Amino acid sequence: MTLSEELISDIDRAIRSGDYSGRDDVIDEALHLWRKRREEEVERLRALIQEGLDSGEPIEGNFDPEDIHRRGMERMKRERAA
């Protein structure tokens with residue numbers, strides 16, 4: 001594994017400040033936070049899937065990809081202007 005000089009500098013600064021006792025502690029915490037965030041995202045997606053399943057049978061409708069694209073572009077323009 002290769003870390004950028006900037007990351008190494010950040011790690012060393014955190015160690016010098018006393019927040020961590022060594023590089024291994026920094027990496028352990030980073031991995032712990034990554035796992036936690038990933039687990040939370042998986043749970044969020046599972047909840048959304050379940051919400052969709054619980055919402056009932058799908059309703060057939062007119063699928064117009066050009067209209068969806070047009071409305072999306074209009075929304076992006078409005079959000080950028082705001």
Side-chain angles (χ1 to χ4, degrees):
M1 168 178 63
T2 304
L3 298 176
S4 70
E5 290 297 320
E6 180 182 4
L7 286 176
I8 292 171
S9 177
D10 289 344
I11 290 169
D12 290 343
R13 190 173 21 261
I15 294 166
R16 282 193 307 274
S17 73
D19 291 338
Y20 299 92
S21 62
R23 289 180 175 176
D24 288 345
D25 292 338
V26 176
I27 293 169
D28 286 346
E29 182 169 344
L31 288 173
H32 172 76
L33 292 171
W34 172 77
R35 280 189 202 125
K36 181 179 179 187
R37 188 172 63 225
R38 185 177 171 127
E39 289 169 3
E40 289 170 351
E41 181 65 9
V42 167
E43 286 304 313
R44 185 185 75 80
L45 292 172
R46 284 186 178 141
L48 288 171
I49 290 168
Q50 191 60 52
E51 180 182 336
L53 293 172
D54 293 344
S55 70
E57 291 297 317
I59 300 171
E60 292 295 325
N62 295 330
F63 178 74
D64 183 357
E66 288 83 17
D67 182 53
I68 293 169
H69 181 262
R70 180 187 53 76
R71 288 185 289 133
M73 295 302 288
E74 289 172 357
R75 180 177 176 182
M76 277 189 351
K77 286 178 187 176
R78 284 192 310 270
E79 289 176 359
R80 287 181 180 162

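All values reported here derive from a predicted model rather than from experimental measurement.
Side-chain contact check for Arg13 versus Ser9: some heavy-atom pair is nearer than 4.5 Å.
Under the 4.5 Å side-chain heavy-atom criterion for grouping Ile, Leu, Val, Met, Phe, Trp and Tyr, Leu3 is connected to Leu31 within one hydrophobic cluster.
Residues passing the side chain to side chain contact (heavy atoms under 4.5 Å, CB included) test with Arg38, sequence neighbours excluded: Trp34. By the side chain to side chain contact (heavy atoms under 4.5 Å, CB included) test, Ser21 is found to be paired with Asp25, residues two or more places apart in sequence or in another chain being considered. By the side chain to side chain contact (heavy atoms under 4.5 Å, CB included) test, Asp54 is found to be paired with Gln50, residues two or more places apart in sequence or in another chain being considered.
Met76 belongs to a hydrophobic cluster whose other members, connected by ILVMFWY side-chain contacts under 4.5 Å either directly or through intermediates, are Met73. Listed by chain and number, the hydrophobic cluster partners of Ile68 are Phe63, where partners are ILVMFWY side chains within reach of under 4.5 Å, directly or through others.
Of the inter-residue distances, the one linking Asp24 atom CG with Ile15 atom CD1 reads 9.0 Å to the nearest 0.5 angstrom. The CG atom of Asp19 sits 12.5 Å away from atom CD1 of Ile11, with the distance rounded to the nearest 0.5 Å. Summarising the geometry, atom CZ belonging to Arg23 is positioned 14.0 Å from atom CG belonging to Asp28; distances are rounded to the nearest 0.5 Å.
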Using a 3.5 Å cut-off and no angle test, enumerate the donor-acceptor pairs between side-chain atoms of residues 40-49 and protein atoms at least two apart in sequence or in another chain.
residue, atom, partner, partner atom, Å
Glu41, OE1, Arg44, NE, 3.1
Glu41, OE2, Arg44, NH2, 2.8
Glu43, OE2, Arg46, NH1, 3.0

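Look at Arg71 and Asp67 and you find a salt bridge, because one of the NZ, NE, NH1 or NH2 atoms lies within 4.0 Å of a carboxylate O, short of that distance.
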